[in-house]
> 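Handing you this structure, nothing more for now.
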There are 2 protein chains.
Amino acid sequence: MTDASRERAAGRRRPRQSDIARVAGVSQAAVSLILRGTPSGMALARETRQRVLDAAEELGYVPDPVATRLASARNAMLGLYTFSTTFPTDVAHSYYPVLAGVEEEAAAQGQDLILFTGSARAAARAQDPAAVRRVRVADGCLFFGRHVPEEPIRRLVEDGFPFVYIGRRDEPGVPYVGADYVPASAQVVARLVAAGHRKIRYLREHDQAPASADREEGVLKGAREAGLDTRGLVAPTDGADADALLGGWLAEGVTAVVVEQTDTGAALAGLGAAVGRAGLDCPGDLSLAVLGAATGTRGRAPGGGAAFSGFDVPMREMGRDAVRLLLELIAGSPGAATRRLLPCEPVEGGTIAAPRPPKKHT
Amino acid sequence: MTDASRERAAGRRRPRQSDIARVAGVSQAAVSLILRGTPSGMALARETRQRVLDAAEELGYVPDPVATRLASARNAMLGLYTFSTTFPTDVAHSYYPVLAGVEEEAAAQGQDLILFTGSARAAARAQDPAAVRRVRVADGCLFFGRHVPEEPIRRLVEDGFPFVYIGRRDEPGVPYVGADYVPASAQVVARLVAAGHRKIRYLREHDQAPASADREEGVLKGAREAGLDTRGLVAPTDGADADALLGGWLAEGVTAVVVEQTDTGAALAGLGAAVGRAGLDCPGDLSLAVLGAATGTRGRAPGGGAAFSGFDVPMREMGRDAVRLLLELIAGSPGAATRRLLPCEPVEGGTIAAPRPPKKHT
DNA sequence: CTGAAAGCGCTTACAG
DNA sequence: CTGAAAGCGCTTACAG
């Protein structure tokens, strides 16, 4: 029976550096040096090195990340904290592609991920600062969600803890990777105008968030650039008043509606249902465009098979890029800008057509 | 200027317990006791307590979670290690519901999650034992995936590290939460027989895994119980030879096909395409049943809107239950069995109908 | 080239 | 009822 196997058989305690040291007959500090592959560790006697490496292997040594972190402040773990519901039953939710992108890039960079759970609940109860505080076990953290408690974050900034938002933020100095909604939204309006629409409405949720503000700004920009009247263009909804809104618009001669897609999906769902109940054909009777469905999880137009026209939010790529930026921040060397906006891919879809000619001409 | 505010102004260093101790004129250990609200802390002199609490408040003290965890030897983190591709682009993949269930229960139990990334890749390269070993940073770990390297796992067992498989395992003594495929599969056959089918085929992938073995066992059991001939019943496929298989079956008078759904989905995809190319109506010309789509991510029959008949795998519930079991293991008190099989919910679907009567009767 | 020591910030027995 | 000490597992100067 070797020393090492005796160690292992002795108990369920995890092997630590001092165990390796005893087995290999060196000091614990030497073990640390050798295992970490530091210059001074590399310089140790070849034979000693090998003895330590062998002992570590035999004991099944794995460094304790908590101890490592306390002593050195690095553990190759990135946090992911979300203020939305983390795993909604609805698979089409935008969280999945983000998580996929984050996981993909983290894996590529040799980082593990700590998923901070119950974030949505924690945010609900008075923005409990302790909830956000625990992200500090990781080297850095990614934040995601439309609504973010400000105070705990401010604290993180103060302490110089590295973090990145997924999604644009207004707070100055806060690093983020977001989607470039303004030009993408303006371009959607331009497409409708190009198809012949002049009477357009933009349906958004009451809910305030940078993503919503940017989309609205883009829609207004597009409308102004096309010389459209922007009065009454923007209509906030909670989704429940869609029938009334739609009825009013049809009476006014509105031929196209642009809707924002959020994580609740309330506006789009409400409008879709209203269009269905009104017995309207889309895009025959009404053109529809959606601002920001997640790639690969696009919805379908009411009553039909057509995918919505509009643009995609590059969720997956945002996740990937956020990981890259976070690692730069952790390393202390942000290469490019620390506030980035990624372009949104236009989606052709099948819900935009030329407006029906006025009845008198028929 | 108070002592505390001087401290705060001094630098950006986070205040720690010793700072509070100095300001309040007590020992650092006393600060710990009082701040944690332990019984002995509560017993301290009222006035002393208040001084400490005030100092902590004024300094803006926030406990360092890393140090806390090092000192208390528990980190309230559960690992999740998967041997499948973690986040396939195909959202319908079975990983998502599992992760959702795990996250849900972990949050409910106040545990965070460590996602070990790049697992699929690590498994590919010679079952690198170091890859699996790093799960020990967590208090315990969940494993998921059809194919699992045995050696690293054996090591975990030896060391008494708490872990749970999501999915049934053959290795004795290994705790798992799986799906009860045998009775569910037998019942699918029974339903086909009840609908009038006598000539049935079971299409499975070549790939070996407990889940596949169990489904086949169930299908054979169901067939025997119905008095069907089991010769030629089971047909392994890689998905590419589906046309030939299907053609042969039709010539033989087969009226129903049962397919297994795996994480690759090769068998089902192959058959679906073949049915489409043959111009068959489902279930008019051929009844179809699928063994094990994940809840909420059911596929659709070829060329139609009907959901597949068969059963659902309770992925989400498996994830939840695995977390519960793991926590019991960590606490050292497994309440119920450590090897559990959860029932699969039958799915009515729309791809089973009575077989078409033989032509001569038409 | 190698080993002994101090320290990261906290918790937890254990003496007074 | 209170305080001084040891220790969690590691890293990092700093002496030999």
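Just so it is clear: chains get the letters A, B, ... in the order the sequence lines come, proteins before strands, and each one is counted from 1. Note that this is a predicted model, so its numbers are computed, not measured.
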> Look at the side chain of V26(A) and decide which nucleotide, out of dC10(C), dC8(D), dG3(C), has an atom nearest to it.
dG3(C)
> Nearest 0.5 Å, please: how far is CD in E103(B) from CG in L115(B)?
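The CD atom of E103(B) is 10.5 Å from CG of L115(B), to the nearest 0.5 Å.
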> Grab the CG-P distance between L33(A) and dC1(C) for me, whole Å please.
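From L33(A) CG to dC1(C) P: 13 Å.
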> For the pair made of CZ in R51(B) and P in dG3(D), what is the distance, rounded to whole Å?
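Computing the R51(B):CZ to dG3(D):P distance gives 9 Å.
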> Contact between R154(A) and V157(A) at the side-chain level, heavy atoms closer than 4.5 Å - yes or no?
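In short, these two side chains do not touch, never coming nearer than 4.5 Å.
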> Can a side chain N or O of Q28(B) be found less than 4.0 Å away from OP1 or OP2 on dA4(D)?
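Looking at the OP1 and OP2 atoms of dA4(D), neither is under 4.0 Å from any side-chain N or O of Q28(B).
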> Starting from the 5' end of DNA chain D, give me the residue, A71(B) or G25(B), whose nearest nucleotide shows up first.
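Its nearest nucleotide lies further toward 5', so the answer is G25(B).
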> Nearest nucleotide by nearest heavy atom, which residue falls closer to the 5' end of DNA chain C, L70(B) or A29(B)?
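In this pair, the answer is L70(B).
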> Send over the distance from R49(B) CZ to dT2(D) P, rounded to a whole Å.
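To the nearest whole Å, that distance equals 11 Å.
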> Nearest of dC8(C), dA4(C), dT11(C) to any side-chain atom of S27(A)?
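Between dC8(C), dA4(C), dT11(C), the one nearest the side chain of S27(A) would be dA4(C).
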> Can you check side chain to side chain contact (heavy atoms under 4.5 Å, CB included) on V26(B) and V31(B), steps first, answer last?
CA-CA 7 Å; V26(B) 298; V31(B) 172; 3.8 Å; yes
> Output the pairing pattern of DNA chain C as a dot-bracket string, 5' first, Watson-Crick or G-U wobble with both distances under 3.5 Å, | for cross-strand pairs, [ ] for crossing pairs.
|||.||||||||.|||
> Return the value, rounded to whole Å, for the distance between atom CZ of R16(A) and atom P of dG7(D).
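About 11 Å, once rounded to whole Å.
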> Could you give the CG-to-C1' distance, from D64(A) to dT11(D), as a whole number of Å?
13 Å
> Determine whether P162(A) and D139(A) make a side-chain contact, defined as any pair of heavy atoms from C-beta on separated by less than 4.5 Å.
no
> Begin with the C-alpha distance, continue with both residues' side-chain angles, and end with the deciding distance and a verdict on salt bridge (Lys or Arg N to Asp or Glu O under 4.0 Å) for R340(B) and D321(B).
CA-CA 9 Å; R340(B) 309 175 182 172; D321(B) 204 37; 3.3 Å; yes
> Can you measure L35(A) atom CG to dC10(D) atom P for me and round it to whole angstrom units?
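After rounding, the gap between these two atoms is 9 Å.
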> Measure from CZ on R69(A) to C1' on dC10(C) and round the result to the nearest Å.
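After rounding, the gap between these two atoms is 15 Å.
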> Test salt bridge (Lys or Arg N to Asp or Glu O under 4.0 Å) on D54(A) and R51(A) and set out the steps.
CA-CA 5 Å; D54(A) 289 347; R51(A) 242 184 17 247; over 6 Å; no
> Please report, rounded to the nearest Å, how far the C1' atom of dG3(C) is from the CZ atom of R22(A).
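To the nearest whole Å, that distance equals 17 Å.
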> Kindly indicate whether the side chain of T82(B), heavy atoms from C-beta on, has any atom under 4.5 Å from the side chain of I166(B).
no
> If you check every side-chain atom of T48(A), which of dC10(C), dC10(D), dT2(C) has the closest atom?
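For T48(A), the side-chain atoms sit closest to dT2(C).
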